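The structure appears right after this line, and notes come after that.
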Amino acid sequence: MLARLFGKKGPAPAAAVAQATATPVARRAETLLRRLEWTVLRRLDGLLQGDYRTLMRGSGLDLADLREYQHHDDVRHIDWNVTARLQQPHVRVFTEDREMAAWFLLDLSPSVDFGSGHQRKSQVLLDFTAVLARLIGRHGNRVGAVLYGSRGQPVVDAVLPACGGRTQVLRLMQMVLQPPVKADAPKKNGVTQLSDLLTAAVHTVRQRATVFVVSDFISEPGWEKPLGELARRHDVVAVRLLDPLELDLPDLGLIPIRDAETGEQLMVDTHDAGFRQRFARIAAQREAQLRESLGRAGVDTLELSTEDDLADTVLRFIDLRKRRQRETRQGLSARHVPTQLPTRDRRSFGATPSEGARP
């Protein structure tokens, strides 16, 4: 009472002290996460809670059923006794545990820091990672990350061990938002080597987990093999970032174009219709090759454009995974599983277009 009368203040609350001493990056991460919790997570809340079997894969513990072997099934789950009796390969289906681990492999190379509209691909990467990490981590599951190019060099330069809770999400966001360190040593070749990130993940993520590879996949070739190796051990989702300007150039006249990774600059005449057509044709060929490579690796693909609504895209993607896993549990053969989504969903899930069609 005397302290109140004479204006003597007691110790400040711990939260206020933490807020006052937080770094600018920490405050920015907290503000961004609060915005996402109000704008995106509230829309997803209630639709995903408790759906651990269909949303993500946990670690199987209890034997639930036996069914015929299908393409992409884990050969380690084959029940050889039943296979010998029925003369047909059968696999064991396990009841999936609630607890799981998710890892985010984040490509923070310079090509990701591009956007022709109100946001860049790097912002889409951060929003998606924060939303998924918060959704997964708030139910007691663990979230980890492997970062590539976060310090301005084309190398794997940061690993965040898997842990749970909201603090872990903030820690991950701070690592992404941390500005690159300007080193005195000469930089390496700026071309992205996505294979380095995937190879590092193969040695880092030991226990079975759900792995999100978040990248624009603008990289030197050679990443297909480590991605396939990663998919054989884990449930892998390739989250491909893109911007509409990367697929179709508008008529802007004579403009300079700069390679964000090598620094090479050149002037192009976008008023030339022939040039725009060649650009669109090469972009379509690259899209087809990329989708074919991801399909051969056996991973689900989610395409996130800088113009897409994040919540709607995540909901449609999860609905796709529900349908696929439901068909698998019902024992449908691979030829009965639809290989192409409806037209309105192709852009969001990376379904391969017909030959000669525009992406």
Side-chain angles (χ1 to χ4, degrees), residues 25 29 101-115 120-133 143-163 168-169 171-183 185-206 209-231 233-243 246 259-263 286 290 293-294 297 299 301-304 306:
V25 174
W103 282 82
F104 292 88
L105 311 184
L106 304 181
D107 175 14
L108 302 177
S109 58
S111 63
V112 177
D113 193 23
F114 170 78
R120 301 185 177 188
K121 292 186 290 184
S122 56
Q123 184 63 48
V124 177
L125 175 147
L126 180 59
D127 291 352
F128 172 82
T129 302
V131 167
L132 263 293
V143 173
V146 181
L147 277 62
Y148 176 93
S150 62
R151 299 180 181 177
Q153 294 275 10
V155 294
V156 177
D157 45 27
V159 176
L160 179 65
C163 189
Q168 177 75 350
V169 180
R171 189 179 298 114
L172 172 57
M173 296 176 66
Q174 292 175 30
M175 294 175 64
V176 176
L177 292 171
Q178 190 70 36
V181 178
K182 295 182 179 180
K187 289 187 175 182
K188 298 182 179 180
N189 183 11
V191 179
T192 300
Q193 298 284 349
L194 194 59
S195 58
D196 294 346
L197 174 61
L198 299 172
T199 302
V202 170
H203 297 93
T204 301
V205 186
R206 294 294 185 178
T210 299
V211 179
F212 297 92
V213 183
V214 189
S215 171
D216 57 4
F217 289 90
I218 299 178
S219 167
E220 289 291 293
W223 53 265
E224 297 86 352
K225 182 177 179 181
L227 179 62
E229 183 179 353
L230 197 66
R233 184 183 303 176
H234 307 285
D235 180 21
V236 179
V237 179
V239 183
R240 192 274 181 97
L241 308 171
L242 73 156
D243 187 271
E246 297 173 335
D259 190 320
E261 299 195 347
T262 63
R286 179 183 179 276
L290 176 59
S293 299
L294 294 174
V299 302
T301 303
L302 169 62
E303 294 192 357
L304 281 179
T306 55

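Worth knowing before you read on, the calculation uses all heavy atoms, side chains too, and leaves out hydrogens, waters and symmetry mates. All figures in this text were calculated on a predicted structure; none of them were measured in a lab.
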Note to self: For the backbone of L198 and the side chain of Y148, can you confirm whether one donor and one acceptor N or O come within less than 3.5 Å of each other?
What the structure shows: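 It does not hold such a pair.
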
Working to the nearest 0.5 Å, report the span between [atom1] of [X] and [atom2] of [Y].
X    : Y    : atom1 : atom2 : result
L302 : R240 : CG    : CZ    : 11.5 Å
L194 : T199 : CG    : OG1   : 9.0 Å
L241 : D107 : CG    : CG    : 8.0 Å

Do [X] and [Y] come close enough that some side-chain heavy atom pair is under 4.5 Å?
X    : Y    : answer
V213 : L227 : yes
D196 : V155 : no
K121 : E246 : yes
D216 : F114 : no
V239 : L125 : no
V143 : V169 : no

Note to self: Under a 3.5 Å threshold, yes or no: a donor from one side chain and an acceptor from the other, between R171 and Q168?
What the structure shows: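 Per modelled atom types, R171 and Q168 side chains form a pair under 3.5 Å.
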
Next item on the list: With side-chain contact (heavy atoms from CB on, under 4.5 Å) as the test, would you mind laying out the steps for V156 and T204 before giving the verdict?
Entry: CA-CA 12 Å; V156 177; T204 301; over 6 Å; no

Item checked: Chi angles and distances behind the side-chain contact (heavy atoms from CB on, under 4.5 Å) call for I218, T192 -> CA-CA 7 Å; I218 299 178; T192 300; over 6 Å; no

Which atom pair, heavy atoms only, marks the closest approach of [X] to [Y]?
X    : Y    : answer
S195 : G222 : CB-O, 3.7 Å
V236 : A231 : CG2-CA, 3.6 Å
W223 : S219 : CD1-OG, 4.1 Å
F212 : A102 : CE1-CB, 4.3 Å
D243 : G115 : OD2-CA, 3.6 Å
W103 : A209 : CD1-CB, 3.9 Å

Check: Which one of V112, L172, V146 satisfies the side-chain contact (heavy atoms from CB on, under 4.5 Å) criterion with L106?
Finding: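 That would be L172.
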
Next item on the list: Quick one: sort the F128 and F104 rings into parallel, tilted or perpendicular, breaks at 30° and 60°.
Entry: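 Answer is perpendicular, since the angle exceeds 60°.
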
